Amino acid sequence: METQNNAKSLLNHSTTLNLHTGNLVNRSRLKKKCPSSPSEELQDCIRATLSEWISTPQPYQQADLPDVVDCSVPQATEAITPEEREELKVSAKLFLCESDQSSIRDAVEMACVTLAVSQLDSVIIAPRGLPEGESQTLGHLQPLWEELEALVRSKKVAAIGTSDLDKELLEQLYNWAQVKPSSNQVNLASCCVMPPELTAFAKTFDIQLLTHSDPKELLSAASFQEAMQEGSSDLKVPDWRLEWVLRYSIIVKTRGIIKAKGYLVHAKRAK
């Protein structure tokens with residue numbers, strides 16, 4: 001109970017939460033479940049990580065509580081050693097939930113520190129959802145892309161990609177961008193077959209077309225708060241909002257197997 005009270009004090013005092021699920025490939029508690037969707041997987045991960053973290057003693061005194069809380073399960077986290085880095089491909093998809101381009105660098109740097117690498121091999125950006133009836137435009141993408149380009153120039157990221165762009169918007173981005181998109185993810189739930197014009201454009205300009213099954217909204221505000229509430233033993237968690245989620249995967253290049261995958265979650269609480 002004292003451990004939980006310590007964690008409760010930390011959460012109640014903090015205004016920023018950084019949560020790392022650790023390597024889901026090795027977390028037996030989560031491997032037993034087969035989530036029906038990426039949203040359910042993320043919700044399960046937040047719930048389980050928070051629950052395990054709360055049951056672990058936290059090294060803080062009541063008078064010295066931080067504003068930023070790092071919530072992770074140490075034994076579930078695996079850093080990449082320098083010796084094995086060349087054999088691995090580290091990819092990430094960044095979902096901007098309630099944040100803008102200012103969060104992109106923070107998310108990438110947090111991923112690099114967490115995984116003990118100096119560079120991510122690829123980052124795909126998933127912009128925040130737009131109001132009903134609005135469509136994504138080049139104007140929406142440009143500020144995000146400029147941040148990604150800066151990360152490529154500073155060698156934090158090797159290749160950058162997009163998600164759910166049709167041929168017209170992908171072509172506009174390609175023509176405008178200084179660092180060209182290396183990939184574009186297509187949701188096969190919305191199109192069972194790759195559109196021929198998109199396929200032709202991507203082939204001409206050497207853009208890899210990938211498929212995904214992520215929903216437009218990875219995790220709703222209500223689902224996020226529900227996961228936090230359940231994971232924190234019914235502590236009161238109002239006013240927390242999900243800023244961004246970075247999902248990473250680490251693949252052994254020569255064998256094509258997933259060595260590790262996990263989520264980094266960044267949330268803020270309204271003051």
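The structure displayed is predicted, hence computed values, not measured ones. This chain uses plain numbering: 1 for the first residue, then up along the sequence.
- Residues Ile257 and Ile80 are members of one and the same hydrophobic cluster, defined by side-chain heavy-atom contacts under 4.5 angstrom among Ile, Leu, Val, Met, Phe, Trp and Tyr.
- Considering only heavy atoms from C-beta on, Leu246 stays 4.5 Å or farther from Phe95 through its side chain.
- Without hydrogens or angle criteria, Asn23 side chain to Lys261 main chain gives a donor-acceptor distance under 3.5 Å.
- Between the side chain of Ser39 and the backbone N or O of Leu218, at least one donor-acceptor pair lies under 3.5 Å.
- Residues Leu170 and Pro181 have side chains in contact (heavy-atom distance under 4.5 Å, counting atoms from C-beta outward).
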Q) Going through the distances and angles, do Thr162 and Leu169 end up as a side chain to side chain contact (heavy atoms under 4.5 Å, CB included)? A) CA-CA 10 Å; Thr162 57; Leu169 189 49; over 6 Å; no

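- Side chain of Ser37 to backbone of Glu40: a donor-acceptor contact under 3.5 angstrom is found.
- Looking only at distances, a side-chain donor or acceptor of Thr21 sits under 3.5 Å from a matching main-chain atom of Tyr263.
- In this structure, Asp206 places its CG atom where only 12 or fewer heavy-atom neighbours from other residues, nucleotides or ligands lie under 6.0 Å away.
- Residue Lys89 qualifies as open at atom NZ: its count of foreign heavy atoms under 6.0 Å is 12 or below.
- Val157 places a side-chain heavy atom less than 4.5 Å from the side chain of Ile160.
- Considering all non-hydrogen atoms of both residues, His140 and Ser135 come closest at CE1-O, 3.5 Å.
- Atom CD of Glu109 has more than 12 neighbouring heavy atoms from other residues, nucleotides or ligands inside a 6.0 Å radius.
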Q) Should Glu87 and Thr254 be marked as a side chain to side chain contact (heavy atoms under 4.5 Å, CB included) after you check the CA-CA gap, both sets of side-chain angles, and the distance that decides it? A) CA-CA 7 Å; Glu87 303 166 10; Thr254 53; over 6 Å; no

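- Of the charged side-chain nitrogens involved, at least one lies within less than 4.0 Å of a carboxylate oxygen, so that Asp214 and Lys93 count as a salt-bridged pair.
- A heavy-atom distance below 4.5 Å is not found between the side chains of Ser103 and His266.
- Lys156 places a side-chain heavy atom less than 4.5 Å from the side chain of Cys112.
- Here the side chain of Ser154 pairs a donor or acceptor atom with the backbone of Ala150 at under 3.5 angstrom.
- Leu50 has its side chain within reach of Cys71: a pair of non-hydrogen atoms, C-beta onward, lies under 4.5 Å apart.
- With hydrogens and angles disregarded, no donor-acceptor distance shorter than 3.5 Å links the side chain of Trp240 to the backbone of Met228.
- Judged purely by distance below 3.5 Å, without hydrogens or angles, the side chains of Asp164 and His212 pair a donor atom with an acceptor atom.
- Counting non-hydrogen atoms of neighbouring residues, nucleotides and ligands closer than 6.0 angstrom, the NZ atom of Lys253 exceeds 12 such neighbours.
- Qualifying side chain to side chain donor-acceptor pair (under 3.5 Å) partners for Arg105, counting only residues two or more places apart in sequence or in other chains: none.
- Summarising the geometry, atom CH2 belonging to Trp53 is positioned 15.5 Å from atom NE2 belonging to His20; distances are rounded to the nearest 0.5 Å.
- From Ile207, atom CD1 reaches atom NZ of Lys180 across 9.5 Å, with rounding to the nearest 0.5 Å.
- To the nearest 0.5 Å, the span separating CG on Leu219 from CD on Gln225 amounts to 10.5 Å.
- Using the six-membered ring where Trp is involved, Phe201 and Tyr174 have ring planes that are perpendicular, over 60° apart on the 30 and 60° scheme.
- The CG atom of Leu17 sits 13.0 Å away from atom CZ of Arg241, with the distance rounded to the nearest 0.5 Å.
- Between Glu84 and Lys259 a salt bridge is recorded (basic side-chain N to carboxylate O distance below 4.0 Å).
- Using a cutoff of 4.0 Å between basic side-chain nitrogens and carboxylate oxygens, Lys167 and Glu197 are not scored as salt-bridged.
- Every residue meeting the side chain to side chain donor-acceptor pair (under 3.5 Å) condition with Ser223, not counting sequence neighbours, appears here in chain and number order: Ser220.
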Donor-acceptor list for residues 114-125 side chains, cut-off 3.5 Å, not counting sequence neighbours:
| residue | atom | partner | partner atom | Å |
| --- | --- | --- | --- | --- |
| Thr114 | OG1 | Met110 | O | 2.7 |
| Gln119 | NE2 | Lys155 | O | 3.2 |
| Asp121 | OD1 | Arg85 | NH2 | 3.4 |
| Asp121 | OD2 | Arg85 | NH1 | 3.3 |
| Asp121 | OD2 | Arg85 | NH2 | 3.2 |
| Asp121 | OD2 | Val90 | N | 2.7 |
| Ser122 | OG | Ser91 | OG | 3.3 |

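- Residues Leu42 and Val245 form a side-chain contact, since some pair of their non-hydrogen atoms from C-beta on lies under 4.5 Å apart.
- Leu94 is listed as a side-chain neighbour of Leu96, based on a closest heavy-atom distance under 4.5 Å.
- Screening Leu209, Asp166, Leu173 for a side-chain contact (heavy atoms from CB on, under 4.5 Å) with Asn184, the sole residue that qualifies is Leu209.
- Of the possible donor and acceptor atoms, one in the side chain of Ser55 sits under 3.5 Å from a partner among the backbone N and O of Glu52.
- By the criterion of side-chain heavy atoms lying less than 4.5 angstrom apart, applied directly or through intervening Ile, Leu, Val, Met, Phe, Trp or Tyr residues, Trp176 is grouped together with Val152 in one hydrophobic cluster.
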**Q.** Working for side chain to side chain contact (heavy atoms under 4.5 Å, CB included), residues Gln101 and Glu146
**A.** CA-CA 9 Å; Gln101 68 272 16; Glu146 285 172 341; over 6 Å; no

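- Hydrophobic clustering (side-chain heavy atoms under 4.5 Å, transitive across Ile, Leu, Val, Met, Phe, Trp, Tyr) keeps Ile250 apart from Leu210.
- Between the side chain of Glu149 and the backbone N or O of Val179 there is at least one donor-acceptor pair closer than 3.5 Å.
- Shown here for Ala177 and Trp145, the closest heavy-atom pair between the two residues is CB-NE1, 3.4 Å.
- Under the 3.5 Å distance criterion, the side-chain polar atoms of Lys216 are left unmatched by any main-chain donor or acceptor of Arg128.
- Counted within 6.0 Å of CD on Glu134, heavy atoms from surrounding residues, nucleotides or ligands total more than 12; the atom is thus considered enclosed.
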Q) Stepwise, does the salt bridge (Lys or Arg N to Asp or Glu O under 4.0 Å) test hold for Glu230 with Arg47? A) CA-CA 6 Å; Glu230 292 172 354; Arg47 189 184 297 117; 2.5 Å; yes

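- Distance check: Leu138 CG to Glu171 CD gives 11.5 Å after rounding to the nearest 0.5 Å.
- Atom-to-atom distance recorded for Ser249:OG and Ile258:CD1 is 6.0 Å, nearest 0.5 angstrom.
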